[in-house]
Amino acid sequence: MGPAGGSPVDTSYGISLQNGAVPGEQGKQEKSVKRGNWGNQIEFVLTSVGYAVGLGNVWRFPYLCYRNGGGAFMFPYFIMLVFCGIPLFFMELSFGQFASQGCLGVWRVSPMFKGVGYGMMVVSTYIGIYYNVVICIAFYYFFVSMTRVLPWTYCSNPWNTPDCVGVLDRNLSSRVALNITQLLNTTQKRTSPSEEYWRRYVLNLSDDIGNLGEVRLPLLGCLGVSWVVVFLCLIKGVKSSGKVVYFTATFPYVVLTILFVRGITLEGAVTGIMYYLTPQWDKILNAKVWGDAASQIFYSLGCAWGGLITMASYNKFNNNCYRDSIIISITNCATSVYAGFVIFSILGFMANHLGVDVSKVADHGPGLAFVAYPEALTLLPISPLWSILFFFMLILLGLGTQFCLLETLVTAIVDEVGNEWIIRKKTFVTLGVAVAGFLLGVPLTTQAGIYWLLLMDNYAASFSLVVISCIMCVAIMYIYGHRNYFKDIEMMLGFPPPLFFQICWRFISPAIIFFILVFTVIQYRPISYNEYVYPTWAISIGFLMALSSVICIPIYAIYKVCCSEGDTLLERLKNATKASKDWGPALPEHRSGRYAPAFSPSTESHLEVQPLQPEKGQSEAAAASPVQGSNGSAHSQDSRL
């Protein structure tokens with residue numbers, strides 16, 4: 001195992017590869033080349049930033065921050081980033097990069113847990129369906145903003161009701177009226193033209209989730225546009241999407257900065273920003289604040305979606321993913337904080353204009369993106385310009401995440417089938433997944449579509465992600481073994497993971513994930529949308545969606561144990577959890593140390609050190625009854641590892 005025994009073999013193997021003297025391995029290398037790599041490291045970092053930075057950074061974090069104690073929320077937020085966010089991010093990147101496989105292929109590390117990969121695929125499917133519907137609504141608003149007067153500026157449209165009061169309609173009188181009614185505002189609430197435009201015109205909202213009504217054709221057209229854009233950007237896999245992200249991942253920052261500069265110059269902007277940042281330290285002792293911080297970090301970084309593993313699988317084997325994980329995680333969180341300034345400066349201006357408290361105009365989710373913020377924009381000179389910029393930014397933020405969701409599914413399918421034909425036809429697989437995604441998204445463009453969209457958002461990708469991530473941590477650290485994994489990372493990066501990450505992976509991060517799970521269960525409230533309360537049957541469908549991804553894990557585990565060799569259940573379990581023979585680096589030149597292939601002509605490629613001693617390998621190959629020897633070597637190997 002020492003350098004004397006290892007180095008001659010490593011170098012001779014490397015030379016033989018360069019000269020093409022090992023014909024059996026040549027095919028492997030070409031196959032990996034066909035799978036593709038990022039053009040350079042910037043493409044990977046930008047893609048991962050685009051994946052992690054999504055709509056939630058703009059429409060969820062600022063609201064959570066102001067609701068949970070302003071600046072005081074930053075403290076638990078960054079604590080959770082350091083102890084849970086960055087370690088999990090690094091684990092998923094290193095996992096995918098080491099094996100150069102998507103979210104299914106990586107589970108050669110412990111085949112019984114391949115159900116975790118299927119769970120990730122199910123989650124990515126759900127998110128991919130409804131996320132593109134949100135992008136299509138942003139496309140719709142982007143297109144209708146190309147006009148001299150934004151259609152949600154005044155209350156004089158056919159879809160408006162008598163309750164509608166615009167911020168520009170009868171400016172002074174409405175302002176005075178609002179100031180008077182503010183005292184009685186507990187029962188009555190002003191209906192804004194932007195809210196009526198959203199509910200009564202864009203969605204033409206039905207009264208119940210079961211009453212689908214008609215398909216909203218403008219939204220259906222925009223859904224087609226958004227899927228075509230996603231498909232064209234992924235037509236050549238990471239080779240094409242890697243070029244697109246130079247624009248989609250960077251331009252949102254340009255727009256955020258333009259909106260920020262415009263926002264802070266407005267009257268009342270400082271009030272809004274103070275509302276966002278003023279610390280309320282007493283809230284730090286509230287468990288809900290810590291739960292919200294942990295959940296936001298977890299969901300915002302895209303852990304357990306399968307996308308991080310997939311993106312990292314296209315990296316070069318020796319890429320420093322440790323550095324990348326820190327850069328991407330911090331960029332993601334800094335973007336969230338920065339977006340808060342952009343949102344609350346404009347909301348502060350609007351609250352000042354109306355003479356109300358900022359809390360009266362603050363909102364989150366679709367309510368912020370498609371009601372509150374667009375209404376605030378109508379107060380600005382050249383409002384269509386700011387509206388176009390804002391919705392263009394939302395489109396780009398959404399697309400960055402959507403690229404990775406689709407690539408996760410396509411990569412998993414192609415890697416799983418793995419033959420030459422499907423690698424050549426990868427574009428058709430992408431097309432097939434895109435068409436299926438479009439068809440499954442059609443019900444979300446009906447009059448009850450927003451109910452279904454929020455149902456999927458709340459259930460399909462909530463606690464199931466936490467369960468998947470927790471099981472992944474346990475499988476890698478305790479089933480495969482933390483020492484094995486740390487050696488793999490050292491082999492890949494040239495240094496073992498820092499001690500802090502080792503402790504986080506083994507103890508702290510799983511504990512925080514478990515805390516998030518408990519917190520999610522305790523804090524559970526049945527979903528509602530404004531005044532509409534979801535019926536029991538709809539909530540049951542939500543739970544079934546959540547379970548559909550988690551149930552993959554025990555079902556596949558039982559199947560794998562039943563198919564494994566062994567006379568007793570314990571033997572079957574051992575064989576089902578043991579790393580498969582083809583686990584390890586994808587390219588032959590990286591398979592050194594315990595992954596070095598045996599020099600006998602047998603197809604077995606043991607994950608052990610003994611093939612480094614040729615005479616031992618030959619004696620094993622010649623042995624007539626390998627049972628004793630193989631068992632003995634396995635035991636000695638376990639004790640060494």
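Residue indices begin at 1 and follow the sequence shown. Computed over heavy atoms, backbone and side chain alike; hydrogens, waters and symmetry mates excluded.
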*Do the side chain of Thr408 and the main chain of Cys404 share a donor and acceptor less than 3.5 angstrom apart?*
yes
*Between Asn315 and Gln41, do the side chains contain an N or O donor and an N or O acceptor separated by less than 3.5 Å?*
yes
*Cys222 and Cys136: sulfurs closer than 2.5 Å?*
no
_Using modelled atom types and a 3.5 Å cut-off, is there a donor and acceptor pairing between side-chain atoms of Tyr529 and backbone atoms of Tyr534?_
no
_Apply disulfide (SG to SG under 2.5 Å) to residues Cys84 and Cys504 and explain how you reach the verdict._
CA-CA 7 Å; Cys84 184; Cys504 280; over 6 Å; no
*Return yes when atom CZ of Phe514 has more than 12 non-hydrogen atoms of other residues, nucleotides or ligands closer than 6.0 Å, and no otherwise.*
no
*Check: Tyr130 and Asp457 side chains under 4.5 Å, non-hydrogen atoms*: yes
_Sidechain-backbone polar pair: Ser509 side chain, Phe83 backbone, donor-acceptor under 3.5 Å_ = yes
_Check: Asn211 main-chain N/O paired with Ser206 side-chain donor or acceptor under 3.5 Å_ = yes
*Could you check if a side-chain atom of Tyr253 sits within less than 4.5 angstrom of a side-chain atom of Val53, using non-hydrogen atoms only?*
yes
*Do Tyr275 and Asp357 have side-chain atoms, one donor and one acceptor, less than 3.5 Å apart?*
yes
_Tell me if the OH atom of Tyr201 is crowded by more than 12 foreign heavy atoms within 6.0 Å._
no
*Does a donor on one side chain sit under 3.5 Å from an acceptor on the other, for Tyr532 and Asp208?*
yes
_For the residue pair Ser462 / Tyr299, report whether a side-chain donor-acceptor contact shorter than 3.5 Å exists._
no
*Could you check Phe73, Tyr63, Tyr66, Phe341 and say which one makes a ring-ring contact (aromatic ring centres under 6.0 Å, His included) with Tyr276?*
Phe341
*So does Glu43 pair up with Lys243, basic N to acidic O under 4.0 Å?*
yes
*Please name all residues satisfying salt bridge (Lys or Arg N to Asp or Glu O under 4.0 Å) with Glu196, sequence neighbours left out, ordered by chain then number.*
none
*asked:* If you compare all heavy atoms of Tyr322 against all heavy atoms of Ser325, which two are closest, and at what distance to 0.1 Å?
replied: O-OG, 2.7 Å
*Could you check whether the rings of Phe392 and Phe247 sit parallel, tilted or perpendicular, using 30° and 60° as the cut-offs?*
tilted
*Would you call the rings of Tyr197 and Trp152 parallel, tilted or perpendicular, where under 30° means parallel and over 60° means perpendicular?*
tilted
*Would you please classify the geometry between the Trp198 ring and the Phe370 ring as parallel, tilted or perpendicular, with 30° and 60° separating the classes?*
parallel
*Would you indicate whether the side-chain heavy atoms of Leu454 and Pro366 approach each other to under 4.5 Å?*
yes
